[in-house]
Amino acid sequence: MSARGAVFLDRDGTLIEEVGYLDRVDRVRLFPWSVAAIRALNDANIPIVLITNQSGVARGFFTEAVVDDVHRHIGNLLAAGGAHLDAYYYCPHHRDGKIARYAIACDCRKPGRGLVDRAARDLNVDAARSFTVGDRWLDVALARNIGGRGILVRTGYGADEERRPADGLAADAVVNNLVEAASWILDTVGSD
Ligand SMILES: [Mg+2]
Ligand SMILES: [Zn+2]
């Protein structure tokens, strides 16, 4: 049997509220529909992998330990509603960062596909059969780079992004929020 597709899920503005650089666990707010959306994908046995750019690490705004704490907290909030993410990956880099070891032009900052490739190996998923969900055009660009399908949500920066289409990029779907994205994915998988 060939490898399954996954959902590569953006964090800020998509799963949780966009609050700028998220430097404290107590600023994490799931959207009210996030647990139900993730649970619906869990119930369909579709792996869900968080993929997030966290250049605040390179910029010296917070440490990787804070990112790990935030992800553990998100996991706990989801678990309380019977939902889970299969894995969490982040890019701590930025070429203009001020912390030397993170100030590189990496291949894992979205829309680069480095994190997806790592996840695909770790979880045995097929990137080209996968979906991205996010509130920025770079999340849609990631889908193009992996040969998958990209969904733009209107939460976070998404409504503004929708009004400023990126050159040559079109989303496979533009939806109001993560729960609508989950429905679109389940419909699409069901009819493939
Ligand atoms: Mg985002
Ligand atoms: Zn990186």
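Here the structure is a predicted model, which means the values were calculated and not measured. Atoms within each ligand, like the ligands themselves, are counted from 1 in listed order.
Looking at Asp12 and the Mg ion (ligand 1) together, the shortest N, O or S contact belongs to O. The N, O or S atom of Asp10 lying closest to the Mg ion (ligand 1) is OD2. Between the Mg ion (ligand 1) and the N, O or S atoms of Asp135, the shortest distance is to OD1. Taking the N/O/S atoms of His93 in turn, the shortest distance to the Zn ion (ligand 2) belongs to ND1.
Crowding of Asp26 atom CG: a count of heavy atoms from other residues, nucleotides or ligands under 6.0 Å exceeding 12.
At distances below 3.5 Å, not a single donor-acceptor pair connects side-chain atoms of Thr52 with backbone N or O atoms of Tyr90.
Hydrophobic clustering of Ile, Leu, Val, Met, Phe, Trp and Tyr side chains at less than 4.5 Å, counting indirect connections, unites Ile185 with Leu85.
Annotation: angle subtended at the Zn ion (ligand 2) by Cys91 SG and Cys106 SG is 110°, to 10°.
For the residue pair Arg11 and His71, a side-chain donor N or O sits within less than 3.5 Å of a side-chain acceptor on the partner.
For the pair Asp117 and Arg121, the salt-bridge criterion is not met [side-chain N within less than 4.0 Å of a carboxylate O].
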